[in-house]
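Below is one structure; the comments refer to it alone.
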Amino acid sequence: MNSTTELPSDAIATVRVIPGGPVRGSIRPPGSKSLTNRALLMAAFGRGTSQLDGALVSEDTHVMTDSLRKIGVQIETEDAGRTLVVTGLQRAISPSDQATGHDLYIANSGTTVRFLTAALSALGGHYTLRGVPRMHERPIGDLVQALSPVVDGTIEAVSDGGCPPVHIHTNGWAKQELSVAGNVSSQYLSGLMMAAPLASRRSGAPVSIRVVGELVSRPYVEMTADAMQVFGASVDLIWPESATGDLIVQINGDYDSIGWSIEPDASAASYFWAAAAISGGDVTVRGLSRAATQGDVAFVDVLQQMGCRIEETDDSIRVDASELPGGKLRGIDVDMNAISDTVQTLSVVALFATSPTRVRGVAHNRFKETDRIGDLARELRKLGATIQEHEDGMTIHPLVDPGVSADSPVRLDTYHDHRMAMSFSLAGLRLDGVQIENPSCTGKTYPNYWADLEQLIGRSHHWTAE
Ligand SMILES: O=C(O)C1=C[C@@H](OP(=O)(O)O)[C@@H](O)[C@H](O)C1
Ligand SMILES: C=C(OP(=O)(O)O)C(=O)O
């Protein structure tokens with residue numbers, strides 16, 4: 001057994017977090033995945049050269065950067081990749097590109113495949129986007145269906161159920177009015193919104209998008225609109241007045257070159273706030289406030305409902321669980337549709353509450369890196385928890401006897417899902433013997449997670465490669 005601050009490599013099979021006392025400290029997570037991939041896309045198709053500071057360096061941003069470079073976008077890096085200098089590809093695709101086409105590898109990055117599918121269909125050319133086996137089970141059919149009637153050419157998703165690989169052969173968009181479903185993923189709408197300026201370049205006309213029916217993960221659409229405005233495009237989100245009405249999005253204008261500082265990742269911050277809640281400690285996350293563009297900062301409201309105290313400044317949010325009412329976290333009933341990437345984090349916190357926690361509104365979590373309801377329930381049960389699965393979420397019953405025996409370790413599978421690994425590490429703050437499989441899967445959005453966790457939890461805990 002050894003303790004190290006080095007990154008777990010692929011050769012390391014499991015990690016064990018050793019329980020200890022309250023976690024106290026402060027941390028600044030790496031840049032936001034969602035903002036980095038949006039900024040890369042808009043800078044790549046903008047006028048002139050943009051500089052992005054504080055970018056995330058991870059698998060999801062790497063596949064975006066690589067794909068953009070492959071189609072001819074110039075991207076220079078500084079500060080170990082955290083600064084990106086991007087020269088926009090302000091041109092239609094060249095005849096030689098048209099002849100050869102591009103084969104783009106997008107691993108398991110939902111943002112990359114959905115944003116690029118929309119943008120490349122508007123840019124024109126021949127492309128195939130393919131990823132890991134799980135990516136070929138993640139839906140993109142609603143986006144392809146939205147694009148099929150408007151492209152001048154063809155677009156198809158060839159795996160069962162309308163999943164990647166995606167083949168695109170177009171001369172851009174021939175129409176400016178689209179309809180898209182939003183009940184499986186908001187990334188389809190975000191992709192179409194960001195592609196719109198590319199289509200307007202060709203037609204000279206604004207683009208209008210109707211979202212038919214329910215829209216999940218709404219804060220990400222607001223983030224897209226905000227980021228597009230930062231890049232100089234104009235976006236109107238016209239929200240329906242009744243629950244049954246449709247959202248209409250109108251987009252006009254084009255992307256400028258800008259300098260932009262990217263916020264730390266709020267979904268990543270959830271693990272550190274949760275570490276405070278679970279251990280009865282207090283943790284300050286630097287670089288985020290409630291005014292952040294990322295909806296996931298609202299995870300602190302969930303912890304507040306469970307009894308934690310929240311303190312904010314313009315540039316930090318602190319979660320304090322050192323004086324919980326009655327000394328314990330309380331279970332809650334919460335709709336997490338808007339902040340679904342933090343469901344796994346909450347599910348582990350809920351194991352240590354005094355009453356059950358019901359999570360609602362996240363049926364779309366079954367389409368992510370893995371089935372984040374069924375697979376999550378299976379792993380939590382291995383810890384001895386009673387978990388009820390629902391169509392739209394789950395109920396987590398607190399552990400009756402928190403304390404897994406050290407001589408009978410529990411191995412938790414992570415399903416190549418970074419958020420499974422990061423969330424399960426939190427269980428190890430209180431339970432003995434929790435082993436997390438394939439810890440390097442955090443590389444999708446947080447390659448330095450284990451080192452950062454160790455730095456925060458300090459000497460009383462260690463993560464251990466076995
Ligand atoms: O637009 C984005 O950056 C994201 C939207 C969300 O996906 P869904 O809209 O599929 O819920 C979220 O889960 C994902 O991590 C990032
Ligand atoms: C769902 C996620 O990612 P994506 O959809 O971008 O692959 C995530 O990061 O939790």
Side-chain angles (χ1 to χ4, degrees), residues 29-42 56 58-64 106-118 129 131-132 134-143 163-164 180-194 211 214-228 262-263 265-271 293-296 298-299 336-345 361-373 375-376 392-393 414-423 441-446 449:
S32 153
K33 168 199 81 171
S34 295
L35 290 171
T36 302
N37 273 357
R38 281 168 173 74
L40 271 166
L41 189 99
M42 290 187 274
L56 175 65
S58 78
E59 181 179 282
D60 275 15
T61 59
H62 180 74
V63 292
M64 176 65 97
I106 37 78
N108 195 8
S109 173
T111 53
T112 305
V113 73
R114 282 122 180 200
F115 298 170
L116 279 181
T117 292
L129 288 81
V132 300
R134 173 62 182 171
M135 176 49 86
H136 297 176
E137 298 170 354
R138 294 184 66 187
I140 195 166
D142 290 336
L143 178 58
C163 299
V180 67
N183 62 328
V184 168
S185 172
S186 68
Q187 294 173 0
Y188 309 151
L189 173 60
S190 287
L192 294 173
M193 287 165 66
M194 288 188 281
V211 182
E214 188 200 355
L215 172 68
V216 296
S217 298
R218 171 175 165 161
Y220 286 100
V221 169
E222 290 162 338
M223 174 196 287
T224 306
D226 286 352
M228 288 176 71
I262 290 170
E263 292 168 0
D265 194 290
S267 324
S270 74
Y271 308 111
T293 325
Q294 301 163 78
D296 278 5
F299 183 67
M336 298 190 81
N337 185 288
I339 56 168
S340 60
D341 284 357
T342 63
V343 167
Q344 288 143 299
T345 326
V362 291
H364 58 301
N365 267 16
R366 296 191 192 269
F367 306 117
K368 310 241 175 183
E369 282 77 339
T370 190
D371 170 356
R372 287 182 175 170
I373 296 176
D375 296 337
L376 178 60
D392 77 328
T414 47
Y415 307 82
H416 301 286
D417 181 351
H418 52 143
R419 301 204 189 283
M420 288 288 195
M422 295 189 277
S423 301
C441 70
T442 65
K444 186 173 187 286
T445 56
Y446 202 158
Y449 177 71

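Note that the structure is predicted; figures quoted are calculated from it, not measured. Whatever order the structure lists ligands and atoms in, that order sets their numbers, starting from 1.
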Specify the protein heavy atom at minimum distance from [atom]: its residue, its atom name, and the distance to 0.1 Å.
{"atom": "atom 2 (C) of ligand 1", "result": "Tyr220 CD2, 3.2 Å"}
{"atom": "atom 9 (O) of ligand 1", "result": "Ser186 OG, 2.5 Å"}
{"atom": "atom 1 (O) of ligand 1", "result": "Arg38 NH2, 2.7 Å"}
{"atom": "atom 8 (P) of ligand 1", "result": "Lys368 NZ, 3.4 Å"}

Inset, instruction - Say whether Met223 and ligand 1 are in contact under the criterion: heavy-atom distance to a ligand atom below 4.0 Å. - result: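 No heavy atom of Met223 comes that close to ligand 1.
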Inset, instruction - Let me see the working for Asn365 and Gln344 under side-chain contact (heavy atoms from CB on, under 4.5 Å), right down to the final yes or no. - result: CA-CA 10 Å; Asn365 267 16; Gln344 288 143 299; 5.5 Å; no
Quick one: which ligand 1 atoms are inside 4.0 Å of a heavy atom on [X]?
{"X": "Asp341", "answer": "12 (C), 13 (O), 14 (C), 15 (O)"}
{"X": "His364", "answer": "11 (O)"}
{"X": "Ser185", "answer": "8 (P), 9 (O), 10 (O)"}
{"X": "Thr111", "answer": "2 (C), 3 (O)"}

Using a 4.5 Å cut-off on heavy atoms from C-beta on, say whether the side chain of [Y] contacts that of [X].
{"X": "Thr111", "Y": "Met64", "answer": "no"}
{"X": "His364", "Y": "Val184", "answer": "no"}
{"X": "Pro30", "Y": "Tyr446", "answer": "yes"}

What do you reckon, does [X] have a nitrogen or oxygen under 3.5 Å from a nitrogen or oxygen of ligand 1?
{"X": "Ser34", "answer": "yes"}
{"X": "Gln187", "answer": "yes"}
{"X": "Arg419", "answer": "no"}

Verify the distance criterion only: is there a donor paired with an acceptor across the side chains of [X] and [Y] at less than 3.5 Å?
{"X": "Lys368", "Y": "Ser340", "answer": "yes"}
{"X": "His418", "Y": "Glu369", "answer": "yes"}
{"X": "Thr293", "Y": "Asp226", "answer": "no"}

Legend entry - Ion pair check, Asp265 and Lys33, cut-off under 4.0 Å: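 Salt bridge: no.
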Inset, instruction - Using heavy atoms and a cut-off under 4.0 Å, could you grab the residues that are in contact with ligand 2, chain by chain, numbers ascending? - result: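 Within 4.0 Å of ligand 2, the protein residues are Lys33, Asn108, Ser109, Gly110, Thr111, Arg138, Gln187, Asp341, Lys368, Glu369, Arg372, His418, Arg419, Lys444.
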Legend entry - Matching residue for Thr370 among Asp375, Asn108, Asp417 - test: side chain to side chain donor-acceptor pair (under 3.5 Å):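 Exactly one pass, corresponding to Asp375.
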Inset, instruction - Have a look at ligand 1 and work out which part of Ser217, if any, has a heavy atom under 4.0 Å from it: side chain, backbone, both or neither. - result: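 For Ser217, only side-chain atoms sit under 4.0 Å from ligand 1.
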Legend entry - Distance in Å, Thr112 OG1 paired with Asn37 CG, rounded so as to fall on 0.5 Å steps: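 Nearest 0.5 Å value for the OG1-CG distance: 4.5 Å.
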Inset, instruction - Tell me, with the steps shown, if Arg419 and Tyr271 meet side-chain hydrogen bond (donor to acceptor under 3.5 Å, both in side chains). - result: CA-CA 9 Å; Arg419 301 204 189 283; Tyr271 308 111; 3.1 Å; yes
Inset, instruction - Please assess Met223 against Gln294 for the test side-chain contact (heavy atoms from CB on, under 4.5 Å), listing each intermediate value before the final yes or no. - result: CA-CA 7 Å; Met223 174 196 287; Gln294 301 163 78; 3.6 Å; yes
